[in-house]
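Start at 1 and go down the list; that is how both ligands and their atoms are numbered.
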Amino acid sequence: MEKKLAGRVALVTGASAGIGRETALLFAREGARVVGADLDERGGRETAEMVVAEGGECAFVAADVSRDADCRAMVAEAERRFGRLDVLFNNAGIMDPADDDAVATDEAVWDRTMAVNAKGVFLGCKHGIPALRRAGGGSVVNTASFVAVVGAATPQLAYTASKGAVLALTRELAVVHAREGIRVNALCPGPLRTELLMRFLDTEEKKKRRLVHVPMGRFGEAKEMAQAALWLASDASSYVTGTTFLVDGGLTAAYVTPEG
Ligand code: NAD
């Protein structure tokens, strides 16, 4: 069977862990040559080694997605190393432990969260879209979150606002670039069993409380997000652009869950 990303070059941010790592591995299995970018160099090199150990191609670039020069450099590296860019997965994100409601959240937490989660996506697109144009079109996938579409009584105001910004800019970019063969979609994961969330849900009690809201009664896996990113990245989703693609175990569909 033809691989789903045969001949494609994909740039994945946040590639050192979680969704980014699993997506780098899956994209490479599906024939893509992958550039992984992340702040965490050790994890990033490990991801690249994992891809290569499976027979794939992957290069790692150290990058802080909140910095213009780093985003320019990661896109340039994809084109220098593999000759083109077809898929841009703006996935890097942070959740600050001090992020709270409007009263309790420090301005610095707000600024850093917006800089990575929202500006990082903007800068990825600022430098990535010209490269996709040079390749004759392509697919952009931006990682948002289910928190961008429903409110929670356990607030993380900066994080939620940053992910709302990702949805808004995804829609606008999708419309702007639709006739250039560039599709732009947002992936909205539900609560996942990755480092990002488990750092907060560090007791069985906290985990159980969160799962009450998930109809499927379990956390999602980074591998499941990678499958969704693959679909959005590949030609299988050729008529899909500007969408808020919820992969959340039914969370946002629920009013009352089986656990009540
Ligand atoms: P993770 O913490 O396992 O991975 C995130 C990666 O992003 C890390 O490798 C980290 O080093 C990198 N990163 C952080 N700041 C960066 C920066 N400034 N520049 C470059 N890289 C940076 O988390 P994950 O669960 O894989 O999260 C990936 C994305 O999914 C994030 O955007 C996150 O907000 C989103 N998300 C996660 C969940 C969840 O429950 N885990 C739910 C919804 C959305």
Side-chain angles (χ1 to χ4, degrees), residues 11-26 35-48 50 60-75 77 89-97 99 111-124 127 141-150 152 154 156 158-167 170 186-202 206-207 210-211 213-214 218-226 228-229 232 244-249 251-252:
L11 173 57
V12 176
T13 72
S16 298
I19 298 174
R21 169 171 285 178
E22 291 301 335
T23 303
L25 284 159
L26 183 63
V35 172
D38 204 294
L39 267 184
D40 169 10
E41 295 196 30
R42 212 170 62 127
R45 295 198 195 291
E46 212 174 78
T47 299
M50 289 166 78
F60 173 71
V61 196
D64 178 344
V65 297
S66 69
R67 291 169 48 100
D68 182 80
D70 288 15
C71 289
R72 181 192 301 273
M74 71 188 184
V75 171
E77 178 61 11
F89 187 25
N90 290 308
N91 166 72
I94 55 168
M95 195 185 257
D96 194 300
D99 193 1
D111 286 348
R112 180 70 193 148
T113 303
M114 293 302 276
V116 176
N117 295 5
K119 190 167 86 172
V121 173
F122 156 64
L123 291 174
H127 297 291
V141 182
N142 298 324
T143 305
S145 169
F146 72 98
V147 302
V149 298
V150 286
T154 45
Q156 293 176 301
Y159 182 80
T160 298
S162 72
K163 295 303 189 179
V166 172
L167 291 190
T170 296
L187 170 64
C188 287
L192 306 183
R193 212 166 50 87
T194 65
E195 216 3 66
L196 187 97
L197 185 62
M198 293 303 120
R199 214 179 299 134
F200 293 90
L201 306 183
D202 52 0
K206 285 187 197 165
K207 287 191 180 77
R210 184 59 60 92
L211 286 177
H213 304 287
V214 185
R218 66 170 177 86
F219 292 104
E221 300 291 338
K223 281 186 163 70
E224 293 174 305
M225 301 309 118
L232 291 171
T244 297
F245 194 64
L246 286 151
V247 187
D248 65 356
L251 190 155
T252 52

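Of the N or O atoms in N117, none lie within a sub-3.5 Å distance of an N or O in ligand 1. Taking only nitrogen or oxygen atoms, main chain and side chain alike, Y159 reaches within less than 3.5 Å of ligand 1.
Here the protein heavy atom with the shortest distance to atom 19 (N) of ligand 1 is V65 N, 3.0 Å. The protein heavy-atom contact nearest to atom 23 (O) of ligand 1 is L196 CB, 3.3 Å. Nearest protein heavy-atom contact of atom 40 (O) of ligand 1 is L192 N, 2.9 Å. Closest protein heavy atom to atom 8 (C) of ligand 1: D38 OD2, 3.5 Å. For atom 14 (C) of ligand 1, the closest non-hydrogen atom of the protein is I94 CG2, 3.6 Å. Of all protein heavy atoms, the one lying nearest to atom 7 (O) of ligand 1 is G14 CA, 3.5 Å. Among all non-hydrogen protein atoms, the one lying nearest atom 21 (N) of ligand 1 is L39 N, 3.4 Å. Remark: minimum distance from atom 35 (C) of ligand 1 to any protein heavy atom is reached at T143 CG2, 3.6 Å.
Remark: ligand 1 atoms within the under-4.0 Å shell around heavy atoms of A63 are 19 (N), 20 (C). Proximity to D64 (heavy-atom distance under 4.0 Å) selects the following atoms of ligand 1: 17 (C), 18 (N), 19 (N). Proximity to G18 (heavy-atom distance under 4.0 Å) selects the following atoms of ligand 1: 3 (O), 26 (O). Counting the atoms of ligand 1 from 1 in the order shown, those under 4.0 Å from a heavy atom of V116 are 15 (N), 18 (N).
No salt bridge links R21 with E195; every basic N to acidic carboxylate O contact stays at or beyond 4.0 Å. With respect to the salt-bridge test (charged N to carboxylate O, under 4.0 angstrom), the residues D64 and R112 qualify.
Here the side chain of T47 pairs a donor or acceptor atom with the backbone of A15 at under 3.5 angstrom. Side-chain N or O atoms of S66 include none that pairs as donor or acceptor with a backbone N or O of V116 at under 3.5 Å. Using modelled atom types, one side-chain atom of N91 and one backbone atom of T13 make a donor-acceptor pair closer than 3.5 Å. Side chain of N117 to main chain of S162: no donor-acceptor pair is present (N/O by atom type, distance under 3.5 Å, no hydrogens or angles). The closest donor-acceptor contact from the side chain of N142 to the backbone of V166 lies at 3.5 Å or more, if one exists at all.
When all heavy atoms of C188 and T244 are compared, the pair lying nearest together is SG-CG2, 3.6 Å.
Counting heavy atoms under 4.0 Å from ligand 1, residue K163 touches it through the side chain alone.
Within the 4.0 Å heavy-atom cutoff, R112 counts among the residues contacting ligand 1. Distances shorter than 4.0 angstrom occur between a heavy atom of G190 and an atom of ligand 1.
Comparing V61, N91, V147, T113 by heavy-atom distance to atom 28 (C) of ligand 1, the nearest is N91. The heavy atom nearest to atom 44 (C) of ligand 1, out of those in A144, P191, G93, is found in A144. Considering each of L197, T194, I19, V121, the one bringing a non-hydrogen atom nearest atom 41 (N) of ligand 1 is T194.
Few gaps surround NZ on K206; more than 12 heavy atoms of other groups in view lie less than 6.0 Å from it. In this structure, R199 places its CZ atom where more than 12 heavy-atom neighbours from other residues, nucleotides or ligands lie under 6.0 Å away.
Applying the side-chain hydrogen bond (donor to acceptor under 3.5 Å, both in side chains) criterion to D40, with sequence neighbours excluded, gives no partner residue. Qualifying side-chain contact (heavy atoms from CB on, under 4.5 Å) partners for A69, counting only residues two or more places apart in sequence or in other chains: none.
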